[in-house]
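For reference, the structure is listed below as structure tokens.
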Amino acid sequence: MKAAAGLLFLALACSAGAWAGDVERGRALLLDRQKSLCLLCHAAPVGDARLQGDLATNLAGAGSRWGAAQLRERLVEGQPGSLMPVFGRRDGLANVGAEWRDKPILTPEQIEDLVAYLQTLR
């Protein structure tokens, strides 16, 4: 039910295709170690490999392994048992730092940008 609520929030915020993800903004966001945090745990075929993590799945080929909807759900809702933060939901979370309490880490537009970029990694 929480997954549906988070995805509904995203769907309403980006209603009727009003927001198409931007690949270049998504790439920049992936590289931004302060905002998205992706490269703290993931490696990707972009940027300096020495500054990338190896705790999580390598994002090379992400667009081949997962569809846009699957990537979006992982970003908005996270995965059970995963250390990956929940980027798009703000309710029902435990142990959330004060900076992120009661607000999502990424905006719906940023999530769509990140999904657009990840879809190019084939």
Please round to the nearest 0.5 Å and tell me the distance separating atom [atom1] of [X] and atom [atom2] of [Y].
X	Y	atom1	atom2	answer
L39	D32	CG	CG	9.5 Å
L37	F87	CG	CZ	5.5 Å
T57	R74	OG1	CZ	7.0 Å

Does any non-hydrogen side-chain atom of [Y] lie less than 4.5 Å from one of [X]?
X	Y	value
D22	Y117	no
R65	Q70	no
Q52	N58	no
R27	T120	no
C38	L114	yes

Partners meeting side-chain contact (heavy atoms from CB on, under 4.5 Å) with L59 (sequence neighbours left out): L30, H42, A44, L118, L121

Contact summary for R72 and I111, nearest pair of heavy atoms: CG-CG2, 4.3 Å

Under 3.5 Å donor-acceptor, K35 side chain and L106 backbone: no

Residue pairs, two or more places apart or on separate chains, that pass salt bridge (Lys or Arg N to Asp or Glu O under 4.0 Å) and touch residues 113-122: R25-D113

Partners passing side chain to side chain donor-acceptor pair (under 3.5 Å) against R33 (at least two apart in sequence or in another chain): none

